[in-house]
Amino acid sequence: MSSSNKDSAASVAAHMNGEGSSTTTGTNILSTQLATYRVFVVTWNVGSRFPDNISLRNLLGISNLVEDHHLPDIYAIGLQEVNVQPQQQVLGLFKEDPWTDKVKHLLKDFNYVLIKTEQMQGLLVSLFVRRQHVPHLRDIEPEFTRTGFGGIWGNKGAVSVRFNLYGCALCFVVCHLAAHDHHLDERIEDFKQIMDNHHYHVPRYREIYDHDYVFLFGDLNFRLMGDDSAQEIRDKVIKDEALEELMSRDQLSYVRQQTQEAFQLLQERKPAFPPTFKFHEGTSDYNLKRRPAWTDRILYSVQPNNKQPNNNLEIEQCAYKSIPGYCISDHKPVTSEFTIKLYPNYRAPCVEFKDITAWKIDEENTVEYKKPLDLQERDFDWIGIYPVNYASLKEYVSYEYVNKTESPPSTPEANDPFWDSNTGGRRHRRHGHRHHNPNRERVRRQQQANEELVRLEFDDDADLKDGEEYVLIYFHNTGLRGVSSVAGISNVFKAEKRPSTPRLSNVD
């Protein structure tokens, strides 16, 4: 699979021909037809290490992939103990963390787009989807909950990203709970705090369990019951037949299935791999300062009747394994592959861009689109200009808000479409801050039968490169902590610079 401009252009064209954004106006269409999609989940406590000298292909399950249909539709990457030194936090204001950046550059070659990250201290979640699914993303929202040190420091807790895709709501929650064998009660309390305090701003999906599909994963830190020494557990691990006996004393399974004090609404395929903690860094030898345990876990749940009572949603945890070849921290990464059911023919209201033949560099350009009346415009709706092979929804070149003749006020939440309350605001534009002349008509509207025709004028300062290809993406944005939907993608167009007119010299 190639990430060339040609393939990217064909992908976007497919979106606009019915395989992506719908051009149908009116109410939503929810087909009862279900289709299977694949989700790949990773959790890893990286022990403050950087990914400089390691390959992530095996971690992401793409080392031997040669056919496009083997690729998952969604990657969810959850990391714990990501380096949070002060200089890293400062850099995080301006660019992605090294781990997300490395994953992004690898997956870009397979036509994935980073849709959202959320970080709280060393806890990180990053969500990637295949490019053809981008036009169907709705209500993307991050959230976090602190539990460590009474919720003050944030060294423990949860981060999450939720979104709607093809008529279903998905929620990905990464947790890091209290450590040490004797802190079982603290882990249970951490989980309850996360469930009680983790709230979203999307109607019908305020709580984690409100979603059709929930994936909860991370360094949950559950240990083994019993008085075995670290050496005794290690000796049993070496004997593969003893793994099942050890797992029968797993604290997480106990509180989920027996006491039902926590995680009782979540499911898990029984781990068939050795304990993933604790190792001597740089090796696959257990560090006997701690008793080996299955601390790193991936759980899930489904609400089968949320949409169509006679056509249930389904989820299957198809693969669940650790990757022992990674030795940079005292944990081994754990991955899991799922299949889920979504409604491929679901179409939410969206805008339809008029084809753009070319974008004139250093000139004002007018963008035209049709907006169905049931797509209610919001104060922070905006249109971004993206390179055709963009690898992240943050990679816009420039943007304009669509419903004001003057830019929104200079508040952090208005300064950047992807403003994040954890990191603070950035400048209003990618290449400078400027308010438009309020007396200048930049948006023109024309009411039609069931839609509105809008003409939006882009200023002449967008930093496009001559001969390069771009697309426009319309974002439906609530302004509430970055709740944003992709509501339309334009055709692929080329940026062109007007040829300079040669000056005529005066001849006496």
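Here the structure is a predicted model, which means the values were calculated and not measured.
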Asks: For W99 and F50, indicate whether the former's side chain and the latter's backbone hold a donor-acceptor pair under 3.5 Å.
Replies: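 Checked: no pair found.
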
Asks: Can you measure from CG (L127) to CD1 (I115) and round to the nearest 0.5 angstrom?
Replies: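 Result: 5.0 Å between the selected atoms.
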
Asks: Consider only side-chain N and O atoms of K104 and S392, and report whether a donor and an acceptor are under 3.5 Å apart.
Replies: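 Looking only at side-chain atoms, S392 and K104 do not form any donor-acceptor pair under 3.5 Å.
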
Asks: With no hydrogens and no angle check, do the side chains of H211 and Q303 hold a donor and an acceptor under 3.5 Å apart?
Replies: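 No, Q303 and H211 have no side-chain donor paired with an acceptor closer than 3.5 Å.
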
Asks: With ring centroids as reference points, do Y390 and Y470 lie under 6.0 angstrom apart?
Replies: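 No; Y470 has its ring centre 6.0 Å or more from that of Y390.
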
Asks: CD/E118 to CG/L123 distance, rounded to the nearest 0.5 angstrom?
Replies: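 Those atoms lie 9.5 Å apart.
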
Asks: Any side-chain to backbone donor/acceptor pair from E141 onto H201? Under 3.5 Å, distance only.
Replies: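 Flag set: sc E141 to bb H201 pair under 3.5 Å.
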
Asks: Are the side chains of K236 and D228 in touch, meaning some heavy atoms are under 4.5 Å apart?
Replies: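 Yes, side chains in contact.
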
Asks: Any idea which heavy atoms bring D296 and Q80 closest together, and the distance?
Replies: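 In this case the closest contact between D296 and Q80 is OD1-OE1, 4.4 Å.
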
Asks: Determine whether a donor-acceptor pair (N or O, by modelled atom type, separation under 3.5 Å) exists between the side chain of S336 and the backbone of V41.
Replies: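 Looks like no, no N/O pair under 3.5 Å.
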
Asks: L246 and V237: side-chain contact (heavy atoms from CB on, under 4.5 Å), yes or no, with the steps?
Replies: CA-CA 8 Å; L246 288 173; V237 169; 3.8 Å; yes

Asks: Among K278, R290, R49, whose salt bridge (charged side-chain N to carboxylate O under 4.0 Å, His left out) with D330 holds?
Replies: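 Going through K278, R290, R49 one by one, the salt bridge (charged side-chain N to carboxylate O under 4.0 Å, His left out) with D330 is satisfied by K278 alone.
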
Asks: Going by distance alone, is a donor N or O of one side chain under 3.5 Å from an acceptor N or O of the other, for T259 and E261?
Replies: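 The criterion, which ignores hydrogens and geometry beyond distance, is satisfied for E261 and T259.
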
Asks: Say whether, by atom type as modelled, one donor and one acceptor occur between the side chain of E395 and the main chain of A391 under 3.5 angstrom.
Replies: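 Yes; at least one donor-acceptor contact below 3.5 Å.
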
Asks: Just do the side-chain contact (heavy atoms from CB on, under 4.5 Å) check on L313 and C168 with the steps written out, would you?
Replies: CA-CA 9 Å; L313 300 178; C168 293; 3.9 Å; yes

Asks: For a quick test of reading the model, state the closest non-hydrogen atom pair linking I233 to L224 and the distance between them.
Replies: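 Looking at all heavy atoms of both residues, the closest pair is CD1-CD1, 3.9 Å.
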
Asks: Go through it in stages, so that I can follow the logic: the residues are F277 and W294, the test is side-chain contact (heavy atoms from CB on, under 4.5 Å), and I'd like the CA-CA distance, side-chain angles, deciding distance and then a yes or no.
Replies: CA-CA 7 Å; F277 172 85; W294 285 273; over 6 Å; no

Asks: With heavy-atom distances below 4.5 Å as the criterion, would you say the side chains of S301 and L265 are in contact?
Replies: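 The answer is no; the side chains never approach within 4.5 Å.
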
Asks: Got a sec: does the NZ of K321 have more than 12 other heavy atoms crowding it under 6.0 Å?
Replies: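 At most 12 heavy atoms, drawn from other residues, nucleotides or ligands, come within 6.0 Å of this atom.
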
Asks: Compute the ring centroids of F273 and Y320, then answer whether they are less than 6.0 Å apart.
Replies: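 Under 6.0 Å, so yes.
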
Asks: Look at the side chain of S485 and the backbone N and O of D139, then say whether any donor-acceptor pair between them is shorter than 3.5 Å.
Replies: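 Side chain of S485 to backbone of D139: a pair is present.
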
Asks: Between S284 and K332, does a side chain to side chain donor-acceptor pair (under 3.5 Å) hold up when you go through it step by step?
Replies: CA-CA 9 Å; S284 289; K332 298 300 181 183; 3.1 Å; yes

Asks: Can you check whether D73's main-chain N or O pairs, donor with acceptor, with R38's side chain at less than 3.5 Å?
Replies: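 No, the answer is negative, given that no donor and acceptor are paired below the 3.5 Å cut-off.
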
Asks: Taking C-beta and beyond as the side chain, do D219 and H331 meet within less than 4.5 Å on heavy atoms?
Replies: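 Yes, close enough: below the 4.5 Å cut-off.
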
Asks: Does CG belonging to D227 count more than 12 external heavy atoms closer than 6.0 Å?
Replies: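 Atom CG in D227 is not packed in, count stays at 12 or less.
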
Asks: Return the NZ to CG distance between K102 and D97, rounded to the nearest 0.5 Å.
Replies: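 So the NZ of K102 and the CG of D97 are separated by 12.5 Å.
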
Asks: Quiz question: by atom type and distance under 3.5 Å, do the side chains of R223 and N221 form a donor-acceptor pair?
Replies: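 Yes.
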
Asks: Taking ring pair (Phe, Tyr, Trp, His ring centres under 6.0 Å) as the criterion, tell me which of F191, Y254, F263 meets it with F222.
Replies: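 Among the candidates, only F263 passes.
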
Asks: Rounded at 0.5 Å granularity, tell me how far CD in E186 sits from NZ in K156.
Replies: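 The distance works out to 11.5 Å.
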
Asks: Could you pull out the closest heavy-atom pair between F215 and L170, with the gap in Å?
Replies: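 Closest pair (atom of F215, atom of L170, distance): CE1-CD2, 4.4 Å.
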
Asks: Which residue, Y75, F40, F128, forms the ring pair (Phe, Tyr, Trp, His ring centres under 6.0 Å) with Y112?
Replies: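 So the option named by the test is Y75.
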
Asks: Quick one about T147 and Q193 (side-chain donor to acceptor, distance below 3.5 Å, no hydrogens or angles considered), yes or no?
Replies: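 No, no side-chain donor-acceptor contact under 3.5 Å.
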
Asks: Students often mix this up, so state it plainly: with edges at 30° and 60°, are the rings of H198 and Y200 parallel, tilted or perpendicular?
Replies: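 Correct class here is perpendicular.
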
Asks: Measuring from I340:CD1 to Q317:CD, what's the distance to the nearest 0.5 Å?
Replies: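 One finds 13.0 Å between CD1 of I340 and CD of Q317.
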
Asks: To the nearest 0.5 Å, what is the distance between CG on L342 and OG1 on T36?
Replies: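 Interatomic distance, L342 CG to T36 OG1, rounded to 0.5 Å: 9.0 Å.
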
Asks: Once the angle between the rings of Y474 and H476 is folded into 0 to 90°, is it parallel (under 30°), tilted (30 to 60°) or perpendicular (over 60°)?
Replies: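 It falls in the tilted class, 30° to 60°.
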
Asks: I'd like to check N58 versus I323 (side-chain heavy atoms, cut-off strictly below 4.5 Å). Are they in contact?
Replies: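 With C-beta onward as the side chain, the pair touches.
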
Asks: Determine whether the side chains of N345 and Q33 contain a donor N or O and an acceptor N or O closer than 3.5 Å.
Replies: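 Distance-only check passes for N345 and Q33.
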
Asks: Say whether T117 and T100, considering side chains only, have a donor N or O and an acceptor N or O under 3.5 Å apart.
Replies: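 Looking only at side-chain atoms, T100 and T117 do not form any donor-acceptor pair under 3.5 Å.
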
Asks: Can you tell me how the ring of Y37 sits relative to the ring of Y166, calling it parallel under 30°, perpendicular over 60° and tilted otherwise?
Replies: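 Judged by the thresholds at 30° and 60°, the geometry between Y37 and Y166 is parallel.
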
Asks: Run the numbers on Q260 and V255 for side-chain contact (heavy atoms from CB on, under 4.5 Å), then give the verdict.
Replies: CA-CA 5 Å; Q260 297 192 356; V255 301; over 6 Å; no

Asks: Tell me whether R256 contacts the main-chain N or O of L266 through its side chain, where contact means a donor paired with an acceptor under 3.5 Å.
Replies: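 Judged by distance alone, yes, a pair lies under 3.5 Å.
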
Asks: Is there side-chain contact between F144 and Q119, with heavy atoms separated by less than 4.5 Å?
Replies: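 F144 does not reach Q119 side chain to side chain.
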
Asks: So D210 and R204, salt bridge (Lys or Arg N to Asp or Glu O under 4.0 Å) or not? Walk me through it.
Replies: CA-CA 7 Å; D210 290 339; R204 293 185 54 209; over 6 Å; no

Asks: Using salt bridge (Lys or Arg N to Asp or Glu O under 4.0 Å), reason through D190 and R187 one step at a time and then give a plain yes or no.
Replies: CA-CA 5 Å; D190 283 353; R187 286 187 278 280; over 6 Å; no

Asks: Let's go through R297 and D250 carefully: what are the C-alpha distance in whole Å and the side-chain angles of both, what is the deciding distance for salt bridge (Lys or Arg N to Asp or Glu O under 4.0 Å) to 0.1 Å, and is it a yes or a no?
Replies: CA-CA 12 Å; R297 310 289 277 273; D250 169 59; 2.8 Å; yes

Asks: For residues I74 and F163, determine if any side-chain heavy atom of one lies less than 4.5 Å from a side-chain heavy atom of the other.
Replies: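 Result yes, sub-4.5 Å side-chain heavy-atom pair found.
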
Asks: Is a side-chain donor-acceptor pair under 3.5 Å present for H280 with D285?
Replies: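 Note: D285 and H280 side chains miss the donor-acceptor criterion.
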
Asks: For a 4.5 angstrom cut-off between non-hydrogen side-chain atoms, does D212 reach V302?
Replies: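 Not in contact.
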
Asks: Can you check whether M195 reaches I208 side chain to side chain, under 4.5 Å on heavy atoms?
Replies: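 Yes. Closest side-chain heavy atoms under 4.5 Å.
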
Asks: Answer yes or no: is there a donor N or O on one side and an acceptor on the other, between the side chain of R291 and the main chain of L288, under 3.5 Å?
Replies: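 Checked: no pair found.
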
